[in-house]
**Student:** 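Here you go, one structure.
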Amino acid sequence: MNIGITLIIQMVVFMTVVLITMKYIWPVILGAMEEREKQIADGLAASDEAEVALKKAQVEAEGILNEARTDAGEVREGANKMATKIKDQAKADAIAEKERQMAAAVAEIEQEANRAKEDLRKQVSSLALAGAEKLLNKEVDSKVHADLLNDLVKEI
Amino acid sequence: MSEASGGGIGGYIKHHLTHNTIQLDEAGSMFWTLNVDSVIYTLITAVIFLGFFGYIAKSVKSGVPSKAQNFIELIINFVNEQVNDLFHYKSKVVAPLALSIFVWVFLMNFMDLVPVDLLPWVGSKAAGIDYMRVVPSADINITFGMSFGVILLVMYYNFARKGPVGYFKEYFGHPFEAPNTAGKIIVAPFNFLLNTVETIAKPISLGLRLFGNLYAGEIIFMLIAVFTLGYGLEQLMSFGGIVMIVAQFLMGLMWALFHILIIVLQAFIFMMLSIVYLAQSHDTGH
């Protein structure tokens, strides 16, 4: 057993080892560990936040969806109403048009008939006049007997 | 075991307990005798420690760690917890010091689990080295080298944190305290005596504890190794010889398993006491 220079050398080596550990090993590895710890903590916090945000967004989405649903219902209802209205309007229009055309046709027919009647009357009156002329053999002064003729025409 | 066959059991053990030395002065004094084997194995273990940890530190990342990095982080986390428990001051030295001690001393102690004859046998066959002790922590120079290193640091902090006057006051004013000046003068010699004993005992107990455990462990391994010493191959092949081989194997196994506990425990104790001593040197609030 000898105590001596080996001890001194070991002291120097020991301090060197500690110094190297202190400078190049401990801070580097511990720094990485602490950084990871922080990253994990940040990640957890972020995930918590995200969860809250997700819940909020879900509620919001639900609200928007409900609103949209209501809106859509309203729109559909309005559209249905509008369609019915348009249909009714169209029906009414068509009926009115039909009646109008029918009335016009009736009026025209009446007019035609009146004209035919008038023609007939005139022809009958001139026929009657010619007959009377022939009967009397003398010319009837149309001017003198205009009133008479007219009465006749009206009677026919 | 062949190289010790000449000296019997005593010779074998004596041979194994002899350091490979170089005399550095002419006179052959004890001080200048260098234990080459201790220094070399100390350096090898230091290089293993620094190399492994340094390699990990170089490629360390804060993302998902590799398995090796995970292992290193486990150790560092463990040491860091111990330091945080015992040492409540800010210091850049204490935690790395604790880590160095724990891992390095463990590696030194671990050399004890290498079969006791293996490395000396390789050394003698390969390089003709006669003497080799492979467990650096079973050399009192090595353990004292570390404990004195720790105590030097403790003394430095005693002076740096408390100042010469504060340290002086603590040295003479504790553990016995007196309310007035006369009382203080009376208790001062006793305090001085106690503190001196404590100051001397700290590094010696720290170094001797590790040394004693490992030295004893080494000797027990040697005693188990001498079980079949001196028997020729023919005797060993007999029934009695086989029984002895089995017995030696079982005893060696049992002691090695038990010794695993001791080498970790001793490294741990050395580390913890170093932290405690350093914490005491930082305590100014006496």
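Naming convention: chains lettered A, B, ... in sequence-line order (proteins, then strands); numbering from 1 in each chain. Remember, predicted model here, so these are calculated numbers, not experimental data.
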**Student:** Looking at A:Met33, A:Lys38, A:Glu37, which makes the most heavy-atom pairs under 4.5 Å with chain B?
**Tutor:**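 It is A:Met33.
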**Student:** Is A:Glu51 atom CD crowded by more than 12 heavy atoms from other residues, nucleotides or ligands, each under 6.0 Å away?
**Tutor:**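 It does not: A:Glu51 CD has 12 such atoms or fewer within range.
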**Student:** Looking at NZ of B:Lys61 and CD of A:Glu35, how far apart are the two atoms once the value is rounded to the nearest 0.5 Å?
**Tutor:**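 With rounding to 0.5 Å, NZ (B:Lys61) is 13.0 Å from CD (A:Glu35).
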**Student:** If you draw a 6.0 Å radius around CZ in B:Phe87, do more than 12 non-hydrogen atoms from other residues or ligands fall strictly inside?
**Tutor:**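 Yes, the 6.0 Å shell around CZ holds more than 12 heavy atoms from other groups.
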**Student:** Where does A:Ile29 contact chain B at under 4.5 Å (heavy atoms): side chain, backbone, both or neither?
**Tutor:**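 It is both, since atoms from each part get that close.
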**Student:** Would you say that A:Phe14 contacts B:Val150 through its side chain, given a criterion of any heavy-atom pair below 4.5 Å between the two side chains?
**Tutor:**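 Touching, per the 4.5 Å side-chain cut-off.
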**Student:** Any side-chain donor paired with an acceptor under 3.5 Å for B:Ser38 and A:Thr6?
**Tutor:**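 Judged by distance alone, the side chains do not pair up.
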**Student:** With a 4.5 Å limit on heavy-atom distance, are the side chains of A:Ile25 and B:Leu50 in contact?
**Tutor:**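 Yes. Closest side-chain heavy atoms under 4.5 Å.
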**Student:** Which one of B:Ile142, B:Asn141, B:Thr143, B:Asp139 satisfies the side chain to side chain contact (heavy atoms under 4.5 Å, CB included) criterion with A:Leu7?
**Tutor:**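 In the set B:Ile142, B:Asn141, B:Thr143, B:Asp139, the residue that makes a side chain to side chain contact (heavy atoms under 4.5 Å, CB included) with A:Leu7 is B:Asn141.
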**Student:** Check whether any side-chain heavy atom of B:Val93 lies under 4.5 Å from a side-chain heavy atom of A:Met22, and answer yes or no.
**Tutor:**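 Side chain of B:Val93 against side chain of A:Met22, heavy atoms only: contact under 4.5 Å found.
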**Student:** Side chain, backbone, both or neither: which part of A:Met15 has a heavy atom under 4.5 Å from chain B?
**Tutor:**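 The side chain, not the backbone.
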**Student:** Is it true that, when you exclude B:Phe110 itself, more than 12 heavy atoms of the residues, nucleotides or ligands shown sit nearer than 6.0 Å to its CZ?
**Tutor:**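 Counting other residues, nucleotides and ligands, CZ of B:Phe110 stays at 12 neighbours or fewer.
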**Student:** If you draw a 6.0 Å radius around CD in A:Glu108, do more than 12 non-hydrogen atoms from other residues or ligands fall strictly inside?
**Tutor:**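 Atom CD in A:Glu108 is not packed in, count stays at 12 or less.
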**Student:** Could you measure the distance from the CD1 atom of A:Ile5 to the CD1 atom of B:Ile22? Nearest 0.5 Å is fine.
**Tutor:**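 CD1 of B:Ile22 is found 12.0 Å from CD1 of A:Ile5.
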**Student:** State, yes or no, whether a side-chain contact exists between B:Glu73 and A:Arg36 at a heavy-atom distance under 4.5 Å.
**Tutor:**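 In short, these two side chains touch, coming nearer than 4.5 Å.
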**Student:** What residue, out of B:Phe148, B:Trp104, B:Trp32, B:Phe144, has the most heavy-atom pairs lying under 4.5 Å from chain A?
**Tutor:**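 Of B:Phe148, B:Trp104, B:Trp32, B:Phe144, B:Trp104 has the most heavy-atom pairs under 4.5 Å with chain A.
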**Student:** Are any of the side-chain heavy atoms of B:Phe53 and A:Ile20 separated by less than 4.5 Å?
**Tutor:**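 They are not in side-chain contact.
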**Student:** What are the two closest non-hydrogen atoms of A:Gln10 and B:Gly145, and how far apart are they?
**Tutor:**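 Nearest heavy atoms, A:Gln10 then B:Gly145: CG-CA, 3.9 Å.
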**Student:** Measuring heavy-atom distances to chain A, does B:Leu17 have an atom under 4.5 Å in its side chain, in its backbone, in both, or in neither?
**Tutor:**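 Looking at B:Leu17, nothing touches chain A.
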**Student:** When rounded to the nearest 0.5 angstrom, what distance separates CD1 in A:Ile3 from CD1 in B:Ile140?
**Tutor:**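 Between atom CD1 of A:Ile3 and atom CD1 of B:Ile140 there are 4.5 Å.
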**Student:** So which residue, B:Leu99, B:Val39, B:Ile56, B:Val64, ends up with the most heavy-atom pairs under 4.5 Å with chain A?
**Tutor:**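 Heavy-atom pairs under 4.5 Å are most numerous for B:Leu99.
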**Student:** Flag the pair A:Val17 / B:Phe49 as yes when at least one side-chain heavy-atom distance between them is below 4.5 Å, and no otherwise.
**Tutor:**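 A:Val17 vs B:Phe49: side chains touch.
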**Student:** A:Met11 versus B:Leu152: any side-chain heavy-atom pair under 4.5 Å?
**Tutor:**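 Contact flag for A:Met11/B:Leu152 side chains = yes.
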**Student:** Please state whether the side chain, the backbone, both or neither of A:Leu19 comes within less than 4.5 Å of a heavy atom of chain B.
**Tutor:**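 A:Leu19 has no heavy atom closer than 4.5 Å to chain B.
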**Student:** Closest heavy-atom contact between B:Ser100 and A:Val18?
**Tutor:**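 The answer is OG-CA, 3.8 Å.
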**Student:** Return the minimal non-hydrogen interatomic distance between A:Ala32 and B:Ser62, and the atom names on each side.
**Tutor:**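 Closest heavy-atom pair between A:Ala32 and B:Ser62: O-CB, 3.5 Å.
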**Student:** Among the options B:Asn35, B:Thr33, B:Val60, pick out the one with the most heavy-atom pairs lying under 4.5 Å from chain A.
**Tutor:**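 Most heavy-atom pairs under 4.5 Å with chain A: B:Asn35.
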**Student:** Quick one: of B:Met146, B:His19, B:Gln69, who has the most non-hydrogen atom pairs under 4.5 Å with chain A?
**Tutor:**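 Winner by heavy-atom pair count: B:Met146.
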